[in-house]
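These values consider heavy atoms only, across backbone and side chains, with no hydrogens, waters or symmetry-generated copies. Whatever order the structure lists ligands and atoms in, that order sets their numbers, starting from 1.
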Amino acid sequence: MTLTPPPLSNDCFALPQGVNWTPVDEALALLRGRLWPVTGAEAVSLSEAPGRVLAEDAIALRSNPPQPNTAVDGYGFAGGRSEGAHVMPLVAGRAAAGVPFNGAVPPGQAIRILTGAALPEGVDTVILEEDVRTDGVSVAFYGPLKSGANTRKAGEDVAAGDVILPAGRVLTPADLALASATGLAELLVRKPLRVAVISTGDELVEPGAAAGLGQVYDANRPMLLALIQQFGFQTVDMGRIKDDRAALGEALDQAAAQADVILTSGGASAGDEDHVSALLREAGAMQEWRIALKPGRPLALGMWQGTPVFGLPGNPVAALVCTLVFARPAMGLMAGAGWAEPQGFEVPAAFAKRKKPGRREYLRARMRAGRAEVFKSEGSGRISGLSWAEGLVELPDGAAEIAPGDPVRFIPFASFGMG
Ligand SMILES: Nc1nc2c(c(=O)[nH]1)N[C@H]1C(S)=C(S)[C@@H](COP(=O)(O)OP(=O)(O)OC[C@H]3O[C@@H](n4cnc5c(N)ncnc54)[C@H](O)[C@@H]3O)O[C@H]1N2
Ligand code: MOO
């Protein structure tokens, strides 16, 4: 399989004409329809495979089990046995896992057999050793015992030629067991999606540096870089860029050369210092997505030299919500893993809230005593609330009046791929 994905189109992020506020679901459907995998493929050994995205269906080379074998330690013979006492002479020798018995077991005779051993010719049934008495010459036991008892059929788990794992699968440790058992030593996986992160703003300083009046420490970059790692992508840290169009343009050039996707934070809305949106607009491939969403209204989406840019809002809460809700499924698609729908759960609310119609809202939330609590403030700069939360409550686009005990949709952070 050769994987040379076509480039994304420059009008990737075009919005329908005349729409003022795009509902979240429409925005997601647009992204889903316009993006596709952009990463190439490489073969890796199983030890390098966990967390990688399978590039093509994996096919079993060998059946599991490869041949009929015994599931227990005991005595093997042919056919079932009726109710009552049975005595069978033992053939000399035994069958063990990896050390097969090479002869045939004649009808009416039995052989010592150990768990995992291939069934010798003339054996299709095994009696558990705990259920027999033996003097080393014969075995005695009581029936009934069904024909085939305590054995495993060849291919009862997986048959050679079966698709064991579909393309797009993010490989788990269990998948490695399956691949190995069915004869695969290497898997064709996608190259990791490379995601560049840029923080923008004159006010930002690096953690650990002295911060003067009006300055704030860069909170978004450490969060976004860690998040991208948890999503299984490769990070490209582009640092902080001042509110200077030339410097930002240069950083975007460098990011586009090194990454498949660029995440910026800050400067996404349309103010004087909102250079991300201004630059993308100048490049002619920018859309200000005014999404009917709180938090995270201004999302600047554009193409910079063929590389998609997610211009996230600067407020850390909005930056995280936009990343989880929009950037993550979009990046999953580009990484070859398909579009991930976060799994939510209907749970009773532990809070009261009245919301107007017209936009989707995400509240920082956590489950306690079976009910969803929400953070005391909805302020989009309240970073402590992100840390406090263990997920988000999603309130629908329409009006909602929520009383304690009413059902609400809780989406754990883990469902968004965040640990
Ligand atoms: N006139 C309007 N003003 C604003 C609107 C609006 O609709 N009309 N929307 C507000 C909303 S909502 C948000 S969110 C912000 C988003 O704007 P920007 O993306 O242009 O973000 P900035 O103005 O650059 O920053 C906003 C805020 O976030 C702080 N910030 C930025 N980056 C970081 C970082 N890496 N670490 C920590 N904090 C960061 C920044 O200092 C600002 O306080 O716009 C509202 N305004
Ligand atoms: O996008 Mo803003 O977060 O709603 O403050």
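- The shortest contact between atom 1 (O) of ligand 2 and any protein heavy atom is with Gly296 N, 2.5 Å.
- Of all protein heavy atoms, the one lying nearest to atom 44 (O) of ligand 1 is Ser269 OG, 4.0 Å.
- Between Ala219 and ligand 1, at least one pair of N/O atoms sits closer than 3.5 Å.
- Atom numbering of ligand 1 starts at 1 in the shown order; those under 4.0 Å from a heavy atom of Gly266 are 19 (O), 21 (O), 24 (O).
- Within 4.0 Å of atom 27 (C) of ligand 1, at least one protein heavy atom is present.
- Put simply, CZ on Arg152 and CD on Gln67 are 10.5 Å apart, with the number rounded to the nearest 0.5 Å.
- For ligand 1, the polar-atom distance check finds no N/O of Arg221 at less than 3.5 Å from any of the ligand's N/O atoms.
- Distance remark: protein heavy atom not present below 4.0 angstrom from atom 8 (N) of ligand 1.
- Atom-to-atom distance recorded for Leu252:CG and Thr200:OG1 is 9.5 Å, nearest 0.5 angstrom.
- For ligand 1, the atoms sitting less than 4.0 Å from at least one non-hydrogen atom of Tyr217 are 36 (N), 37 (C), numbered in the order shown with element in parentheses.
- Using a 4.0 Å heavy-atom cutoff, Gly201 is absent from the residues neighbouring ligand 1.
- Between the side chain of Asp57 and the main chain of Val163, no donor-acceptor pair closer than 3.5 Å is present.
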| said: Could you go through Arg52 and Glu42, starting from their C-alpha distance and side-chain angles, then the distance that decides it, and tell me whether this counts as side chain to side chain contact (heavy atoms under 4.5 Å, CB included)? | reply: CA-CA 11 Å; Arg52 303 291 297 270; Glu42 60 183 347; 2.5 Å; yes

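- Looking at ligand 2, you won't find any N or O of Lys294 less than 3.5 Å from one of its N or O atoms.
- For atom 10 (C) of ligand 1, the closest heavy atom belonging to the protein is Arg297 NH2, 4.8 Å.
- Here's the thing with Leu204: none of its N/O atoms is less than 3.5 angstrom from an N/O atom of ligand 1.
- Note that Arg409 lies outside the cation-pi zone of Phe345, set by a 6.0 Å cut-off to the ring centre and a 45° limit from the axis.
- The closest approach between any non-hydrogen atom of Ser380 and ligand 1 is not below 4.0 Å.
- Numbered from 1 in the order shown, with element, the atoms of ligand 2 that lie under 4.0 Å from a heavy atom of Pro298 read 1 (O).
- Residue, atom and distance of the protein heavy atom nearest to atom 3 (O) of ligand 2 are Ser380 OG, 2.4 Å.
- Looking at Ala268 next to ligand 1, an N or O pair under 3.5 Å apart turns up.
- The pair Glu341-Arg32 meets the salt-bridge criterion, since a charged nitrogen lies less than 4.0 angstrom from a carboxylate oxygen.
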| said: Let's go through Met331 and Val195 carefully: what are the C-alpha distance in whole Å and the side-chain angles of both, what is the deciding distance for side chain to side chain contact (heavy atoms under 4.5 Å, CB included) to 0.1 Å, and is it a yes or a no? | reply: CA-CA 9 Å; Met331 291 190 293; Val195 184; 3.8 Å; yes

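- Here the heavy atom of the protein found nearest to atom 43 (O) of ligand 1 is Asn315 OD1, 4.2 Å.
- Each of the following atoms of ligand 1 lies closer than 4.0 Å to a heavy atom of Ser199: 35 (N).
- Annotation: atom 22 (P) of ligand 1 to nearest protein heavy atom, Gly267 N, 3.8 Å.
- Residues Thr182 and Asn64 have side chains that never bring a donor and an acceptor to within less than 3.5 angstrom of each other.
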| Pair Leu299-Leu312, side chain to side chain contact (heavy atoms under 4.5 Å, CB included): steps then yes or no | CA-CA 5 Å; Leu299 180 63; Leu312 302 166; 4.0 Å; yes

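- Nearest protein heavy-atom contact of atom 16 (C) of ligand 1 is Pro298 CG, 3.7 Å.
- Between Glu373 and Arg368 no salt bridge is recorded (no basic side-chain N to carboxylate O distance below 4.0 Å).
- Checked for salt-bridge contact, Glu206 and Arg221 meet the test: a charged N lies under 4.0 Å from a carboxylate O.
- At a distance under 4.0 Å, no protein heavy atom can be found next to atom 4 (C) of ligand 1.
- Counting protein heavy atoms only, atom 34 (C) of ligand 1 is closest to Asn220 ND2, 3.4 Å.
- Counting only heavy atoms of the protein, atom 30 (N) of ligand 1 lies nearest to Gly314 O, 3.3 Å.
- Proximity to Glu203 (heavy-atom distance under 4.0 Å) selects the following atoms of ligand 1: 31 (C), 40 (C), 41 (O).
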| request: Test Thr115 against Asp73 for side-chain hydrogen bond (donor to acceptor under 3.5 Å, both in side chains), laying out the working first. | output: CA-CA 5 Å; Thr115 303; Asp73 293 334; 2.9 Å; yes

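- Remark: ligand 1 atoms within the under-4.0 Å shell around heavy atoms of Asp274 are 20 (O).
- At least one heavy atom of Asn315 sits less than 4.0 Å from an atom of ligand 2.
- Under the 4.0 Å criterion applied to side-chain N and carboxylate O atoms, Lys294 and Glu378 are assigned as salt-bridge partners.
- Ion pairing between a basic and an acidic side chain is recognised when a charged N comes within 4.0 Å of a carboxylate O; Arg359 and Asp397 show no such pairing.
- For the atom pair Glu186 CD and Glu48 CD, the distance stands at 8.5 Å (nearest 0.5 Å).
- Using 4.0 Å as the threshold, Cys322 has no heavy atom nearer than that to any atom of ligand 2.
- Among protein heavy atoms, atom 35 (N) of ligand 1 sits closest to Asp218 OD1, 2.8 Å.
- Within 4.0 Å of atom 19 (O) of ligand 1, at least one protein heavy atom is present.
- Applying the 4.0 Å criterion to heavy atoms of Ala318 picks out, from ligand 2, the atoms 1 (O), 3 (O).
- Remark: Glu121 CD is loosely packed, at most 12 non-hydrogen atoms of other residues, nucleotides or ligands lying under 6.0 Å away.
- A ring-centre distance under 6.0 Å is found for Phe77 and Phe141.
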